[in-house]
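Notes follow the structure.
Residue numbers start at 1 and run along the sequence shown. If you're wondering where the values come from, they're calculated on a predicted model, not measured in any experiment.
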Amino acid sequence: MRRLYEAADRIEAQRLIDFLHDHDIPAVMLGDYLSGGAGELPANIFPCIWLVEDVHWLLANALLQEFHEPSSQGETA
């Protein structure tokens, strides 16, 4: 597994995972429930997207750039 991206929130993380899955790239979200420990854990707790298989690293990075392009923000699945 390889860490791809740290999302701003759980919604952004899930949208990116769905986007990656649409392109047949298996990915998981880790740390999505850590915000429940606010006050006891550091304040900079964000969900992270991890690739299940490192072989998808280059394509996933290209898709990450596409995901952040303004034209892809308004798309719905």
Practice problem: Could you pull out the closest heavy-atom pair between A27 and L20, with the gap in Å? | Solution: CB-CD1, 3.8 Å
Quiz item: Taking only residues two or more places apart in sequence, or in another chain, which ones meet H21 in a ring-ring contact (aromatic ring centres under 6.0 Å, His included)?
Solution: none
Quiz item: By side chain to side chain contact (heavy atoms under 4.5 Å, CB included), which residues pair with D18, not counting sequence neighbours?
Solution: Q14
Exercise. Answer whether the closest heavy-atom distance between the side chains of P47 and E6 falls below 4.5 Å.
Key: no
Exercise. Check step by step if ring-ring contact (aromatic ring centres under 6.0 Å, His included) holds for Y5 and H68.
Key: CA-CA 12 Å; Y5 180 71; H68 282 112; 5.1 Å; yes
Quiz item: If every non-hydrogen atom of W50 is compared with every non-hydrogen atom of M1, which pair is closest and at what distance?
Solution: CB-CE, 3.5 Å
Quiz item: Nearest 0.5 Å, what's the CH2-CG distance between W57 and L51?
Solution: 6.5 Å
Self-check item: Rounded distance [0.5 Å steps], CZ in F67 versus CG in N61
Solution: 14.0 Å
Practice problem: To the nearest 0.5 angstrom, please state how far the CG atom of L4 sits from the CG atom of L64. | Solution: 5.0 Å
Practice problem: Taking side chain to side chain contact (heavy atoms under 4.5 Å, CB included) as the test, write out the residues that go with L58, two or more places apart. | Solution: none
Quiz item: When rounded to the nearest 0.5 angstrom, what is the spacing between CD1 in I49 and CZ in R3?
Solution: 10.5 Å
Exercise. Taking side chain to side chain contact (heavy atoms under 4.5 Å, CB included) as the test, write out the residues that go with V55, two or more places apart.
Key: E53
Self-check item: Heavy-atom pair with the smallest gap, counting every atom of V28 and I17
Solution: C-CD1, 3.7 Å
